[in-house]
Amino acid sequence: MTSDALSKGSPWPLPSGEPVLRLEAVRKTYGSAVVLRDVALEVPAHSVTALIGASGSGKSTLLRCANLLEDVDDGAIFLDGEEITDPRIDQDAVRRRIGVVFQAYNLFPHMTVLDNITLAPRRVHKVPRDRAETEARELLDRLGLAGRAGEYPDRLSGGQQQRVAIARAVATRPRLLLLDEVTAALDPELVGEVLAVIRDLKDEGMTMVIATHEMAFARDVADQVCFLDAGVILERGTADRVFGAPAEQRTRDFLSRLTEAGRL
Amino acid sequence: MTVRDEQDEAVPDGTYEPSPRRLARERYRRARTRRAFAVAAASSTVTAAVLVTLIVESPGWQRTRDTFLNAHYARLALPKVLDGLWLNLRLLAVCGAVVLVAGLLIAVLRTLRGPVFFPVRALATAYVDFFRGLPLIICILMSVFGIPALRLSGVTNDPVLLGGFALCLTYTAYVAEVFRAGIESVHPSQRAAARSLGLTSAQTMRHVVLPQAVRRVVPPLLNDLVSLQKDTGLVSIGGAVDAVYAAQIIASRDFNYTPYVVAGLIFVAITIPLTRFTDWIAARMNGRQAQGGTV
Ligand SMILES: Nc1ncnc2c1ncn2[C@@H]1O[C@H](COP(=O)(O)OP(=O)(O)OP(=O)(O)O)[C@@H](O)[C@H]1O
Ligand SMILES: [Mg+2]
């Protein structure tokens, strides 16, 4: 993909030395359960990081912390070098720069597809209605959803809803996109259409962190793979390294369990 | 773009002929509807006949008819009752509007988070707890007779205004609870989605939570409005002449209860369209966002 609606007029900021997202010794607990322990992570600009790991290993929690939907107990998170876990920071301003796509889509059921997508550009970024809608329609076109703009979310298939959710998240041109198991609720057939969209975003240079159980996809699209185990990033490296030559026994166990289940 | 949407290219369907199976199914459905209709008509007729016979054959029917269903008194009462009704309707319109706005405001105040808002939250909660528990009639008595007794300068003694004020106090508490239930019924993931788009908590409330909450509570809200409409009659406690009081004046002068029946039927006649309107709104809102189905 060469020319595109997404980056037109506002190309992604050029890469600098500073990673877009950096976690330093992040710790998160719920009551007595330690969900994230001493997590460190760097996500360079225009790169894709895949978070893999068993259910309950803390992938969603990590993403929620990065978007300030949860407070961390200890450690720090930096967005473009700025500490966002500092209590003095304007949290709304931080969230404006980060897009999130949820497993359950979380579209607004009382709004049409178009209104779902233009809500944040219009209300938060003060883009005039005409322009917001034109851009939203271009985005829908590209995601194969032309003609669905006036539809309510409940009348779309799961794959279509998830693509709308992605459109909604990128409509504000976020600096960083967080995707939490965005294909987990979908039929295998619909998974493909959503993954294709994510691949396109990568080609455009979107910086992404993706929690996923789609190992083939992670291997294919991710520049960096992190294996989470009980709240710890046990292993971190290129996709080929982590999948091809895992250093940790637990990573090998996890991957071989997946292979047995026919998912790798 | 790699994604394509098959549903956008619907195949034209020019040669379709309904199969015999479909025709038979439709014939069966029509027959079933006719049968159900016949059964309903028969059972309604029988029920009505039994009721009429029971009432008309009762020993006191003659006297009851003269005291409750007397055409002469009905004609006499109708214009007076209608005059009084105008007051009920005005009260309904003004109090209804005040109650909806104030109830929504209080419900939103109760959802504010953080220690800064503690006093606001506490006051709103105390208000709702108190006025939801206080019987309406006592609230009206306090307002209509208590406020003038204070002899505050510049404060009205008008029983209609004071009675309306009491109605607003009580009904705002009910309606605030309805709105709050609606707000709490919106799933937290909706809030998370809105906040993650960068909306402030006020914007989230305004554009995401409230529209969904209000839709869900339209039926119970209209229910409260119907009750409010009936309770507007209580302002007659302070001497204001509404439909019920107008009927009472004639009834106690002539020892005939027909005016009450007239007033009652008029109230029912106003309520029915209001209820149908509620159903229509609810159906329309559901139809717009949900998929159809047979259940
Ligand atoms: N709000 C919460 N309160 C208490 N415990 C929580 C809460 N949210 C998550 N947890 C716990 O934190 C742990 C990590 O959860 P998380 O949702 O991050 O896992 P995950 O890796 O995303 O799993 P999955 O692959 O199933 O989505 C789990 O043990 C979970 O029970
Ligand atoms: Mg998860």
Side-chain angles (χ1 to χ4, degrees), chain A residues 1 4 64 67-69 90-112 115-116 119-125 141-148 152-157 159-160 163 165 168-169 171-172 174 178 192-197 199-200, chain B residues 1-11 104 112-116 179 182-219 281-293 295:
Chain A
M1 187 167 302
D4 58 80
R64 293 174 63 80
N67 192 34
L68 303 182
L69 288 175
D90 176 359
Q91 298 204 333
D92 292 326
V94 171
R95 291 198 200 94
R96 251 174 257 158
R97 289 150 62 196
I98 302 178
V100 184
V101 185
F102 300 90
Q103 176 176 341
Y105 331 134
N106 298 3
L107 294 174
F108 305 128
H110 62 295
M111 290 182 188
T112 61
D115 289 342
N116 263 280
L119 177 70
R122 288 179 54 207
R123 303 291 171 187
V124 181
H125 299 262
D141 264 1
R142 291 188 37 234
L143 301 193
L145 291 165
R148 300 275 167 191
Y152 284 88
D154 287 4
R155 316 202 20 177
L156 301 178
S157 75
Q160 291 168 335
R163 281 181 278 152
R168 180 176 72 175
T172 53
L178 308 175
E193 62 189 35
V194 172
L195 295 187
V197 168
R199 217 168 262 130
D200 284 346
Chain B
M1 190 68 223
T2 33
V3 179
R4 215 165 19 87
D5 206 323
E6 283 82 15
Q7 275 164 273
D8 283 342
E9 302 144 27
V11 186
L104 185 60
L112 292 178
R113 275 163 220 195
V116 191
F179 276 125
I183 289 172
E184 279 172 6
S185 77
V186 176
H187 197 271
S189 64
Q190 288 284 305
R191 219 179 296 254
R195 296 307 297 276
S196 73
L197 285 169
L199 272 74
T200 62
S201 63
Q203 286 174 321
T204 301
M205 186 50 94
R206 154 105 174 64
H207 297 292
V208 174
V209 177
L210 281 185
Q212 296 185 56
V214 169
R215 259 158 240 250
R216 277 177 214 179
V217 298
V218 163
I281 297 247
R284 212 181 66 130
M285 283 181 327
N286 286 340
R288 222 180 51 174
Q289 32 173 289
Q291 272 170 351
V295 286

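Any value given below was found using the heavy atoms of this structure, including those in side chains, with hydrogens, waters and symmetry copies removed. Naming convention: chains lettered A, B, ... in sequence-line order (proteins, then strands); numbering from 1 in each chain. What you see is a predicted model, and the numbers here were worked out from it, not measured in a lab.
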If you count heavy-atom pairs under 4.5 Å with chain B, which of A:Leu178, A:Leu119, A:Val101 comes out on top?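 Top option by heavy-atom pairs under 4.5 Å: A:Leu119.
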Nearest 0.5 Å, please: how far is [atom2] in [Y] from [atom1] in [X]?
{"X": "A:Glu193", "Y": "A:Gln160", "atom1": "CD", "atom2": "CD", "answer": "7.0 Å"}
{"X": "A:Asp115", "Y": "A:His110", "atom1": "CG", "atom2": "NE2", "answer": "8.5 Å"}
{"X": "A:Phe108", "Y": "A:Arg168", "atom1": "CZ", "atom2": "CZ", "answer": "4.5 Å"}
{"X": "B:His207", "Y": "B:Thr200", "atom1": "NE2", "atom2": "OG1", "answer": "8.0 Å"}

Among residues at least two apart in sequence or on other chains, which ones pass side-chain contact (heavy atoms from CB on, under 4.5 Å) with A:Thr172?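 For A:Thr172 the side-chain contact (heavy atoms from CB on, under 4.5 Å) partners, ignoring immediate neighbours, are A:Ala120, A:Pro121, A:His125, A:Pro174.
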Listed by residue number, which members of residues 183-190 of chain B have a heavy atom under 4.5 Å from any heavy atom of chain A?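 Answer by number: B:Ser189, B:Gln190.
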By a 4.5 Å heavy-atom criterion (distance strictly below it), what part of A:Leu69 contacts chain B: side chain, backbone, both, or neither?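 Side chain only.
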Go through the atoms of A:Leu107 and report whether side chain, backbone, both or neither lie under 4.5 Å from a heavy atom of chain B.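 The backbone, not the side chain.
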Partners of A:Asp92 by salt bridge (charged side-chain N to carboxylate O under 4.0 Å, His left out), sequence neighbours excluded?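 Per chain and number, A:Asp92 pairs via salt bridge (charged side-chain N to carboxylate O under 4.0 Å, His left out) with A:Arg95, B:Arg195.
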Looking at residues at least two apart in the chain, or sitting in another chain, which of them share a side chain to side chain donor-acceptor pair (under 3.5 Å) with A:Arg199?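 Listed in chain order: A:Asp220.
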